Asks: 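First the structure, then my questions, so here it is.
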Number of protein chains: 2
Amino acid sequence: MNKPKVHEIIDSLFPNLDKPTKGTILQNADYLKCAKGTKFISEGRKHHYFYLLLSGGVKSYYLKDSKEVCLWFAFENEFIATIKTFEGEHSNETIVFLEDSSLIRFKTESIKELALTHLSISQWIIKLITEHAVFLEERLFGLQFLSSKERYHALIKVAPEILQKVSLTDIASFLGVSRETLSRIRAQI
Amino acid sequence: MNKPKVHEIIDSLFPNLDKPTKGTILQNADYLKCAKGTKFISEGRKHHYFYLLLSGGVKSYYLKDSKEVCLWFAFENEFIATIKTFEGEHSNETIVFLEDSSLIRFKTESIKELALTHLSISQWIIKLITEHAVFLEERLFGLQFLSSKERYHALIKVAPEILQKVSLTDIASFLGVSRETLSRIRAQI
DNA sequence: ATAATTATGTGACATTTGTCAAATGGAATT
DNA sequence: AATTCCATTTGACAAATGTCACATAATTAT
């Protein structure tokens, strides 16, 4: 599973793409495997790639008082990128692989350049950022409108598989509560 | 201040735009004035426009237990749109003018169509959505990492003018605290 | 299998915040 | 100027959540 696989995926992402453009994308994309525990975007470091996660899972976190606070999780067939990294700013965000994973890595700068001259790439980026913004709006809604209990139940309703894949401690920080509180919310059911 | 003004603004948004495309944009944009108190995107209603606020100010809110909870504020030279309305989904969000305001209204569907064939428009949309996503990420960071006190002080540091323009009650709901709590945070300084 | 390590659960208590009620202050109206 | 109306402040108390300590369960290593 390497080069040919990337070809296929690019094809499915861009059904009617002309050969030279596809060539340029392939030049700026490669296939990667990452073992569980690998850290990706380190705190304070600039980052030059975004990713499509083919298999496996990751979590993203900031450090707060030297404790991890999770911002998001991603699993099969999800894109991994944050606006800050996409904008070329420092991320302050660390990404860790929760399982052995495989992914396609895109060179952000090159893809953005390509978007300046190729409509299909621009449209693709619009789609990616829009999806990210929808995710952010929903999460914001949860934090502003729902109680801890409601946020927890909303999460396991929308993404029940997360309970198998992510530790309670990480889910708690993601939901914005202490792990003890989340443990008690669970016990109450 | 009407048609010619719109021309100028479109010119400044798109410095090198060809005449026919500019014509199409102008056909799908118009100048509006709104009196203080006007409500714009009503709960549960589909919405077909996004806006550039030229002067004045607005707040956006959801209703929670029949109380207003503010999601954002916007003032001069800011764009007004939410991803959901941009995607043509129901908004459930109400926008109210805090002052007499003037704005340019863009027909979302037409601009999005134009983006399918015009790179400059696509790039414009990328810029708009990216800015929105940055705003959402920062707000999310505040809600997840900062205490009420810290969120309040961060807000008046980043946007001190908001204290003059928005009521304490609205700021409180925006920050995710009761107005009594915000009042006490203020008293503590 | 056993020990060691890590994750989760539980109790006791402190802190923060929400809620209700009433008081104060300021702005608008008559 | 007096009155009304609305926003903000303050007090008293309840509810939710955080924190620390420790118990228990689950996982990993030896």
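The sequence lines fix the lettering, A, B, ..., with proteins before strands; numbering per chain opens at 1. Just so you know, these numbers use all the heavy atoms, side chains as well, and skip hydrogens, waters and symmetry mates. Keep in mind that this is a model prediction, so the values were computed, not measured.
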Asks: Atom CD of A/Q144 and atom P of C/dT17: how far apart are they, to the nearest Å?
Replies: 16 Å
Asks: Got a list of protein N/O to nucleotides 10-12 of chain C N/O distances below 3.5 Å?
Replies:
| unit_1 | atom_1 | unit_2 | atom_2 | d |
| --- | --- | --- | --- | --- |
| C/dG11 | N7 | A/R184 | NH2 | 2.5 |
| C/dG11 | O6 | A/R184 | NH2 | 3.0 |
| C/dA12 | N6 | A/R184 | NH2 | 3.4 |

Asks: Can you tell me if B/S148 touches the phosphate of C/dT17, counting only side-chain N or O atoms and a distance under 4.0 Å to OP1 or OP2?
Replies: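 For C/dT17, OP1/OP2 do have a side-chain N/O of B/S148 under 4.0 Å.
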Asks: If you compare every side-chain N and O of B/R186 against the phosphate oxygens of D/dT8 (OP1, OP2), does one of them come in below 4.0 Å?
Replies: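 Negative; the distance criterion is not met.
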Asks: What is the distance, to the nearest angstrom, from the CD atom on B/Q188 to the C1' atom on C/dT15?
Replies: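 After rounding, the gap between these two atoms is 12 Å.
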Asks: Would you mind reading off the distance between A/L143 atom CG and D/dT17 atom P, rounded to a whole angstrom?
Replies: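 In whole Å, D/dT17 P lies 13 Å from A/L143 CG.
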Asks: Write down the distance between OH (A/Y152) and C1' (D/dA16), rounded to a whole number of angstrom.
Replies: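 In whole Å, D/dA16 C1' lies 18 Å from A/Y152 OH.
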Asks: Give, for atom OG of A/S55 and atom CZ of A/F75, the distance between the pair rounded to the nearest 0.5 Å.
Replies: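 The OG atom of A/S55 sits 12.5 Å away from the CZ atom of A/F75.
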Asks: Rounded to whole Å, how long is the line connecting atom CD of A/E150 with atom P of D/dA15?
Replies: 17 Å
Asks: Do any of residues 168-178 of chain B sit with a heavy atom less than 4.0 Å from DNA chain D, and if so which?
Replies: B/L168, B/T169
Asks: Within this structure, what is the NZ-to-P distance between A/K67 and C/dA7, rounded to whole angstrom?
Replies: 14 Å
Asks: For B/I185 and C/dT15, give me the distance from atom CD1 to atom C1', rounded to whole Å.
Replies: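 It is 14 Å, rounded to the nearest whole Å.
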Asks: With no hydrogens and no angle check, just 3.5 Å: does a side-chain donor-acceptor pair link B/E137 and A/H132?
Replies: yes
Asks: Within this structure, what is the NZ-to-P distance between B/K149 and C/dT15, rounded to whole angstrom?
Replies: 12 Å
